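Structure record follows, encoded as structure tokens.
Predicted, not measured: the structure shown is a model, and the values here were computed from it.
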Amino acid sequence: MSDKELTQRSAWETVLASLKKRSLWMLHYCTGCGAVELPPTMTSRFDMERFGIMPMVTPRQADILLITGYLSVKTLKRVILIYEQMQAPKYVVGFGSCTINGGMYWNSYATMKSLDRYLPVELYLAGCMPRPEAIISGFNSLIDRIDRGEANSWKDYYENYEFYRKNQEHTFGDIETHRSIADDAQYYGFVEVTK
Amino acid sequence: MNSGIGLIVWIIAYPFVSFFLGVLLGGYGRKLTARVQRRVGPTWIQPLFDVIKLMTKQTNISHGYMHDVAMMMLVGGTLMTMYFVPVPGFHYFSQFGDYIVVMYLLLVPPLGMALGVGQTANPNGSIGISRALQMLAGYEITLVMTFIGFAMKHGTTSMYELMKLQQAGGPATWGIFAEPLLGIAALFALQGMLNEKPFEVIIAPHEIATGPMTEMGGKYLGMMFIQHLIALPMELTIFMNLFLGGAQSWVEYVVKLFVLFTLVLVVNAVYGRFKTDGALRFFWKLPLPLAALGVVMIMANGM
Ligand code: SF4
């Protein structure tokens with residue numbers, strides 16, 4: 001960890017974080033059965049919008065990528081492409097035990113077991129499937145982490161891209177993505193510029 | 001506020017005032033919709049949080065030069081239109097431009113959007129733009145028709161003059177009571193202009209993934225939000241000046257804005273969405289003939 005991360009946040013950053021946490025847009029990529037718990041979370045019964053969390057429909061606009069359930073090899077590839085289209089800061093939330101360790105598909109030949117080898121996961125919601133209360137409490141802890149300035153897992157993707165890339169290539173062979181993450185990381189100053 | 005230092009201060013302050021009003025209206029809209037759907041809803045200034053969040057995103061993908069310029073055109077065009085619409089205490093520019101100018105300038109933001117979205121090369125975006133231009137053929141013709149009616153009746157095309165005439169005559173001479181046919185037609189057109197349901201075919205999140213906004217992220221989407229928030233009070237004000245006698249004080253102005261917007265929102269909250277051709281057909285079947293009838297009646301009275 002560099003010295004920069006240990007220093008205190010400036011007052012401006014603190015204020016900004018407390019404003020930014022009030023608006024989070026979510027792209028829910030409904031890969032598995034868990035997605036059925038989302039409609040009640042969004043609508044009248046549990047009403048996610050009171051925390052400023054809204055469903056959005058394209059990756060460009062979204063802040064949260066919610067992955068609701070098991071990932072087959074095919075869908076994981078799409079998830080990675082979607083994730084790379086999102087604008088930082090961006091948060092991946094793994095939803096249900098399938099994203100944590102494979103869940104009840106542990107023995108399956110077609111699903112991936114652990115999401116955090118491929119993408120930097122900010123938060124896991126455990127359960128098979130998590131109830132709306134669990135989703136809301138999970139989002140609240142995400143909001144708290146943003147407020148405290150701790151929700152920085154997305155930086156990991158820029159800083160340790162080799163690790164994720166290696167795992168992705170291990171699974172898919174040579175996978176073609178649309179942007180060069182290493183170039184982006186240097187362009188936006190997330191890593192030291194190498195000459 | 002129409003000469004000297006006051007004018008300059010007001011020219012600088014007006015976009016911010018308008019943005020602030022837009023934030024309040026937008027937040028009110030989301031709250032009211034939530035209450036109609038029996039939800040708690042977000043805070044009253046939620047749009048402000050959204051804009052701050054978008055403008056402080058750390059990566060922003062540009063699709064090219066036109067994509068950047070289009071955002072300027074979008075916000076710039078809206079600001080320019082805004083100055084020509086008289087509000088209480090500020091009508092300096094409206095003496096140089098009547099509502100024909102306003103109608104003309106209202107077309108700049110959609111065209112800017114079309115150029116920018118064209119460069120992003122997203123099919124959903126292109127569909128959104130073609131829908132936006134189709135909808136223009138629906139509500140703009142209706143609006144122009146009502147404007148023609150007023151121009152024939154009062155012999156003026158100045159929005160400010162029209163407002164003054166209505167204020168002098170009292171509520172009975174307000175456009176919506178004096179010419180109810182034109183008023184009803186324009187209410188439909190307003191619903192279309194604000195892109196609310198049942199005419200929300202441009203954004204249509206479940207069909208074409210928010211249309212023009214599909215490829216916009218970060219600061220680009222932020223600019224679109226700012227444009228939307230500034231345009232919201234402006235478009236309501238155009239209707240207010242023509243049909244509700246404008247406003248003489250800021251209190252009256254804000255009250256009328258919110259009442260008018262509530263009307264739009266409750267319709268928005270309970271209706272589904274037309275298909276594109278359905279929306280266009282509706283506009284040409286009901287509001288346009290109504291407006292035409294209103295114009296014919298004005299002509300008959302004038303003879
Ligand atoms: S965690 Fe359970 S509910 Fe979620 S996708 Fe896996 S099996 Fe389905």
For chain B, find which of A/Lys90, A/Met54, A/Met56 contributes the most heavy-atom pairs closer than 4.5 angstrom.
A/Met54
B/Arg39 to A/Ser44 - nearest heavy-atom pair and separation:
CG-CA, 3.5 Å
Does A/Gln61 reach the main-chain N or O of B/Met213 with its side chain, forming a donor-acceptor pair under 3.5 Å?
yes
Taking CZ in A/Arg145 as the centre, count heavy atoms belonging to other residues, nucleotides or ligands within less than 6.0 Å. Is the count above 12?
yes
How far apart are the C-alpha atoms of B/Thr59 and A/Tyr158, what are their side-chain angles, what is the distance that settles it, and do they pass the side chain to side chain contact (heavy atoms under 4.5 Å, CB included) test?
CA-CA 12 Å; B/Thr59 63; A/Tyr158 289 104; 3.9 Å; yes
Assess whether atom CZ of B/Phe20 is packed by more than 12 heavy atoms of other residues, nucleotides or ligands within 6.0 Å.
no
Any side-chain heavy-atom pair of B/Thr56 and A/Lys20 under 4.5 Å
yes
Quick one: what part of B/Gln58 sits under 4.5 Å from any heavy atom of chain A, side chain, backbone, both or neither?
both
Can you check side chain to side chain contact (heavy atoms under 4.5 Å, CB included) on B/Leu221 and A/Arg60, steps first, answer last?
CA-CA 9 Å; B/Leu221 191 57; A/Arg60 292 258 187 251; over 6 Å; no
Chain B shares the most heavy-atom pairs under 4.5 Å, among A/Arg45, A/Met86, A/Arg50, with A/Arg50
More than 12 heavy atoms of other residues, nucleotides or ligands under 6.0 Å from NE2 of B/His228: yes or no?
no
More than 12 foreign heavy atoms under 6.0 Å from OH of A/Tyr188: is that the case here?
yes
Are any side-chain N or O atoms of A/Gln87 and backbone N or O atoms of B/Leu54, one a donor and one an acceptor, separated by less than 3.5 Å?
no
Provide the closest heavy-atom pair for B/Lys53 versus A/Ser23 in the form atom of the first, atom of the second, distance.
NZ-OG, 3.2 Å
In terms of heavy-atom pairs under 4.5 Å, which option from A/Ile53, A/Asp47, A/Thr58, A/Val57 contacts chain B the most?
A/Asp47
Audit row: A/Trp25, B/Phe225, ring-ring contact (aromatic ring centres under 6.0 Å, His included) steps and yes/no
CA-CA 14 Å; A/Trp25 293 342; B/Phe225 263 64; 5.5 Å; yes
Does a side-chain N-to-carboxylate-O contact under 4.0 Å join A/Asp63 and B/Lys57?
yes
Note: vs chain A, highest number of non-hydrogen pairs under 4.5 angstrom among B/Gln37, B/Met216, B/Arg38, B/Glu215 is B/Glu215
